[in-house]
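We count residues from 1, following the sequence as given. Keep in mind it's a predicted model, so treat the numbers as computed, not measured.
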Amino acid sequence: QVQLVESGGGLVQAGGSLRLSCAASGSVLSLIAMGWYRQAPGKQRELVARITSGGTTTFYLDSVKGRFTISRDYPNTLFLQMTSLEPEDTAVYYCNAERFLGGQYWGQGTQVTVSS
């Protein structure tokens, strides 16, 4: 079992920056990747960024490339550095973790609101 707790969300002005953190506990050494998803009201949840445990592979949603950076302080903490924030980035952001044999875990989410 893995538990994930997000923090760092809040209200920022367009063009501002925010850093999200995800603290993982439990069987953290079994994780092969972690990532950030987001979901805006009435919208599908989408993968924003993902990083493998070895840091060899990263993924970014096209709309956040060049603005967001995912990193991991192995093994327990995941970060999402968000810069040049836009109103379209407003969503609940969820930490996600993947286990080797297919398990997947979610945090409760943290609200990010970007004012125009």
Side-chain angles (χ1 to χ4, degrees):
Q1 186 71 25
V2 173
Q3 295 79 43
L4 305 172
V5 180
E6 303 96 333
S7 62
L11 174 64
V12 297
Q13 299 282 133
S17 299
L18 205 61
R19 189 178 77 157
L20 305 183
S21 299
C22 174
S25 60
S27 302
V28 294
L29 296 180
S30 70
L31 301 177
I32 61 170
M34 297 184 71
W36 292 95
Y37 288 72
R38 69 185 182 188
Q39 189 166 23
K43 302 294 184 180
Q44 195 91 346
R45 186 174 298 187
E46 61 184 352
L47 177 63
V48 177
R50 179 181 182 271
I51 186 168
T52 60
S53 294
T56 58
T57 302
T58 58
F59 167 87
Y60 292 95
L61 185 67
D62 284 345
S63 62
V64 309
K65 286 180 179 177
R67 300 189 297 117
F68 292 7
T69 303
I70 189 169
S71 61
R72 186 176 176 187
D73 188 3
Y74 299 100
N76 292 330
T77 311
L78 180 74
F79 302 99
L80 185 67
Q81 180 65 52
M82 309 163 68
T83 62
S84 301
L85 283 162
E86 304 167 353
E88 292 76 17
D89 297 316
T90 295
V92 177
Y93 284 71
Y94 296 90
C95 183
N96 170 267
E98 302 170 30
R99 199 175 64 187
F100 175 66
L101 292 178
Q104 192 169 100
Y105 306 95
W106 297 92
Q108 292 185 334
T110 184
Q111 177 71 49
V112 172
T113 302
V114 185
S115 61
S116 59

For residues [X] and [Y], determine if any side-chain heavy atom of one lies less than 4.5 Å from a side-chain heavy atom of the other.
{"X": "Met34", "Y": "Asn96", "answer": "no"}
{"X": "Leu78", "Y": "Cys95", "answer": "yes"}
{"X": "Glu46", "Y": "Arg38", "answer": "yes"}
{"X": "Glu88", "Y": "Ser63", "answer": "no"}

Short question: side chain of [X], backbone of [Y] - any donor-acceptor pair under 3.5 Å?
{"X": "Thr52", "Y": "Thr57", "result": "yes"}
{"X": "Glu98", "Y": "Gly102", "result": "no"}
{"X": "Tyr60", "Y": "Ile70", "result": "yes"}
{"X": "Glu6", "Y": "Cys22", "result": "no"}

Given side chain to side chain contact (heavy atoms under 4.5 Å, CB included), test Leu18 with Leu85 step by step and report yes or no.
CA-CA 8 Å; Leu18 205 61; Leu85 283 162; 3.9 Å; yes

Minimum-distance pair of heavy atoms, taken over all atoms of [X] and [Y]:
{"X": "Ser116", "Y": "Pro87", "value": "CB-CG, 3.7 Å"}
{"X": "Ser17", "Y": "Ser84", "value": "OG-N, 4.4 Å"}
{"X": "Asn76", "Y": "Val28", "value": "OD1-CG2, 3.2 Å"}
{"X": "Arg50", "Y": "Ala33", "value": "NH2-CB, 3.4 Å"}

According to salt bridge (charged side-chain N to carboxylate O under 4.0 Å, His left out), who are the partners of Glu86, at least two apart in sequence or on a separate chain?
Arg67

Hydrophobic clustering (ILVMFWY, side-chain heavy atoms < 4.5 Å, transitive) - are [Y] and [X] grouped together?
{"X": "Tyr105", "Y": "Phe79", "value": "no"}
{"X": "Ile51", "Y": "Trp36", "value": "yes"}
{"X": "Val48", "Y": "Tyr94", "value": "no"}
{"X": "Val92", "Y": "Leu4", "value": "no"}

Could you walk me through whether Thr90 and Gln111 pass side chain to side chain contact (heavy atoms under 4.5 Å, CB included), step by step?
CA-CA 8 Å; Thr90 295; Gln111 177 71 49; 4.0 Å; yes

With no hydrogens and no angle check, do the side chains of Ser53 and Arg72 hold a donor and an acceptor under 3.5 Å apart?
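Arg72 and Ser53 do have a side-chain donor-acceptor pair below 3.5 Å.
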
How long is the span from the OG1 atom in Thr110 to the CG atom in Leu20, to the nearest 0.5 Å?
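Spacing of OG1 (Thr110) from CG (Leu20) equals 6.0 Å.
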
About how many Å separate OG of Ser21 and CG of Leu80, when rounded to the nearest 0.5 Å?
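So the gap between those two atoms works out to 9.5 Å.
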
Under the rule for ring-ring contact (aromatic ring centres under 6.0 Å, His included), what residues qualify as partners of Tyr37, not counting sequence neighbours?
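Tyr37: ring-ring contact (aromatic ring centres under 6.0 Å, His included) contacts with Trp106.
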
Of the options Leu29, Leu31, Ile32, which is the one that meets Phe100 in a side-chain contact (heavy atoms from CB on, under 4.5 Å)?
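Testing Phe100 for a side-chain contact (heavy atoms from CB on, under 4.5 Å) against Leu29, Leu31, Ile32 leaves exactly one candidate, Ile32.
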
Greater than 12 external heavy atoms within 6.0 Å of Gln108's CD:
no

So for atom OH, which belongs to Tyr74, do other residues, nucleotides or ligands contribute more than 12 heavy atoms lying within a distance under 6.0 Å?
yes

